[in-house]
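Read the structure below first, then the notes.
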2 protein chains.
Amino acid sequence: MINITLKQLRYFEALTRHGHFGRAADACSISQPALSVQIKDLEENLGVVLFERSARQVRLTGFGQDFADRARDILRAVDELGDLARLAKDRMVGRLRIGVIPTVAPYLLPTLIQRLHKAHSGLDVHIRETMTQKLISELLDGRLDTAIVALPVSEPGLAETALFDEKFVLVRSAQEAAAPVPSPEGMREMKLLLLEEGHCFRDQAVSFCNFRSTLPSDGLDGSSLSTLVQMVGAGIGVTLIPEMAVPVETRSAPVSLARFKGDEPGRTIGMVWRKTSPLAPQLMEIADVVRLSAEQLRTENQHLLPS
Amino acid sequence: MINITLKQLRYFEALTRHGHFGRAADACSISQPALSVQIKDLEENLGVVLFERSARQVRLTGFGQDFADRARDILRAVDELGDLARLAKDRMVGRLRIGVIPTVAPYLLPTLIQRLHKAHSGLDVHIRETMTQKLISELLDGRLDTAIVALPVSEPGLAETALFDEKFVLVRSAQEAAAPVPSPEGMREMKLLLLEEGHCFRDQAVSFCNFRSTLPSDGLDGSSLSTLVQMVGAGIGVTLIPEMAVPVETRSAPVSLARFKGDEPGRTIGMVWRKTSPLAPQLMEIADVVRLSAEQLRTENQHLLPS
DNA sequence: ATTGATCATAGGAAATTCTTATCGTGACTA
DNA sequence: TAGTCACGATAAGAATTTCCTATGATCAAT
């Protein structure tokens with residue numbers, strides 16, 4: 001059992017337009033017998049005669065008419081398939097699903113989305129905000145195209161690229177502004193407010209203070225940096241926040257900021273994707289946009305950071 | 001520049017369904033490398049990667065998703081093309097354009113159309129009623145599929161088959177019913193009412209009476225048999241009508257009917273079509289339906305005819 | 001009847017598609 | 001950490017399809 005081919009439909013369509021085997025063959029850049037054979041094959045496959053051949057002219061049969069209408073639709077749809085690909089190849093286009101950790105998302109996204117939209121307007125950006133572990137799992141599952149997380153991730157299936165580094169700054173109540181900045185060891189004497197389990201930023205803060213193990217939850221873990229800063233403002237304790245969060249989070253709470261002396265705590269934010277992802281080239285471009293966004297944020301808010 | 005093929009779309013579609021080259025290849029009854037190559041060709045033709053291959057699984061890219069939706073539509077349309085042909089091949093189906101001369105149409109068509117509809121309900125019958133000359137020309141132009149006319153036609157490009165013979169009967173006013181039936185020569189003494197120029201039935205009537213040439217129009221030519229019979233009823237003259245017209249035309253006029261003695265005038269009605277028409281087999285079947293219709297009319301109306 | 005135009009057919013060349021065999025790469029296991 | 005397995009890619013030759021050139025057949029017009 002042979003099958004209809006697009007070639008046959010193309011030749012058929014040409015023949016309907018020219019009503020003449022020789023001229024239709026020319027239009028298809030093939031010899032007249034090649035066209036004759038393909039039309040014959042098509043008719044035999046279908047079991048129906050499509051053309052009435054007379055010495056004078058080649059005419060569609062009634063069935064041929066109906067057939068031609070549908071065939072044209074199909075050829076058009078196939079051409080559109082090619083057009084679609086040609087567009088997708090040149091411009092960056094289509095859905096892009098980005099995952100971002102919660103300690104980055106609120107500060108980076110406004111700028112980033114604006115820039116992405118400006119640079120690649122064909123892009124349909126979807127944002128997913130959750131913790132690293134979930135992002136990685138969704139990435140590996142193919143439910144995300146890339147994720148912005150703290151490095152290192154060291155997951156075998158993923159490729160990563162660094163985006164920017166940022167320090168953590170100490171947040172104390174406004175009254176403590178003049179007190180000396182504690183050393184990491186000194187931190188252990190203070191009431192340190194942390195994010196809930198699962199946030200990588202919590203682990204980084206804990207690790208900086210050289211706590212032996214994860215602290216038992218005391219029921220005061222905050223669900224966001226914003227919450228932590230509000231708590232600090234209320235005099236409940238101290239906390240760390242990444243530089244990027246400073247402009248937003250310290251605006252509305254009576255807190256003071258301080259840099260650590262010596263070996264400052266900090267983190268590297270990077271982008272990860274599946275090593276097998278065909279989007280890799282595009283994602284490298286996206287990474288550049290993220291770097292520019294981070295740079296912009298840093299320069300815009302330089303003056304708000306402690307010196 | 002190579003082209004997308006339906007084969008590639010079929011393989012592609014199978015791969016989207018199975019997400020596994022080996023199983024998709026099985027489903028297509030080909031080897032795995034054959035499928036690999038075709039998918040690769042497709043991707044190269046498009047210039048876009050459709051699948052993300054990892055050790056674990058084969059997943060569609062975002063573009064691949066869009067592509068798959070359209071590809072499926074195309075494959076469905078092509079299959080429907082095949083279905084359409086399969087239907088058209090078995091049953092008699094589609095448009096059928098029949099031309100019929102005016103001295104047959106009103107009497108034959110009611111029965112014929114009913115029978116056609118019963119025998120081939122898929123048939124979309126179009127009727128064109130006009131004089132032989134126009135019918136033949138439209139037939140040759142491809143604007144009709146077949147025509148029912150008086151034979152012979154003897155047009156080189158047309159095939160013909162006889163359908164039925166019928167005699168012409170004399171129509172006189174009711175008062176003349178008892179008068180002897182005239183011979184053809186005797187007809188010349190009478191006021192013979194004829195159809196307009198162009199009707200083959202006019203020529204046949206004239207020829208029966210052995211008139212030398214076409215008579216000069218006296219402004220009384222009728223545009224239909226119905227008109228002629230009405231005129232006879234009004235006492236203006238006599239006329240001939242084919243047997244088939246008797247039941248309809250003599251119902252409402254005070255006329256009498258008579259058969260001619262000896263060599264009765266008559267005609268053969270037949271069907272013609274282009275020798276090149278692929279519908280020829282179907283048309284032979286249609287011709288059978290016409291014969292049955294004529295037979296039915298004859299038996300139904302036997303009692304109305306003069307003996 | 002001859003010629004010209006047109007589509008069909010035939011045979012061998014060219015291109016393509018397929019199969020088998022094999023490689024390379026990850027991922028799981030012992 | 002090496003071994004094994006699963007899976008897709010690649011290679012080479014065979015099989016199939018498609019195409020071209022040459023020629024045949026038909027029909028209409030001269």
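Letters A, B, ... are given to chains in the order of the sequence lines, protein chains preceding strands, and every chain is numbered from 1. Values reported hereafter were calculated over all heavy atoms of this structure, with side chains retained and with hydrogens, waters and symmetry mates removed.
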How is [X] classified with respect to the nucleic acid when contacts are heavy atoms under 4.0 Å: base, sugar-phosphate, or nothing?
X: B:Gln32; result: base
X: A:Tyr11; result: sugar-phosphate
X: B:Ala34; result: base
X: B:Pro33; result: base

Item to check | A:Thr161 versus A:Arg291, side-chain donor and acceptor atoms under 3.5 Å | outcome: yes
Checklist entry - Between B:Asp73 and B:Arg76, is there a salt bridge with N-O shorter than 4.0 Å? => result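 Answer for the salt bridge query: yes.
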Checklist entry - Less than 4.0 Å between a side-chain N and a carboxylate O, is that true for B:Glu13 and B:Arg17? => result yes
Checklist entry - Among the nucleotides C:dC18, D:dT18, D:dC7, which one has an atom lying closest to any side-chain atom of A:Lys7? => result D:dT18
Checklist entry - What's the closest nucleotide to the B:Lys40 side chain, out of C:dT9, C:dT20, D:dT10? => result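 Of the options given, the side chain of B:Lys40 lies nearest D:dT10.
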Next on the checklist: Rounded to whole Å, how long is the line connecting atom CG of A:Asn3 with atom C1' of D:dT16?
Outcome noted: 15 Å
Next on the checklist: On DNA chain D, does the nearest nucleotide to B:Gly19 precede the nearest nucleotide to A:Gln38 from the 5' side, or the other way round? Give the residue.
Outcome noted: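 The residue whose closest nucleotide sits nearer the 5' end is B:Gly19.
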Item to check | Sequence-distant partners of A:Leu140, side chain to side chain contact (heavy atoms under 4.5 Å, CB included), two or more places apart | outcome: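 A:Leu140: side chain to side chain contact (heavy atoms under 4.5 Å, CB included) contacts with A:Ile136, A:Glu155, A:Leu158.
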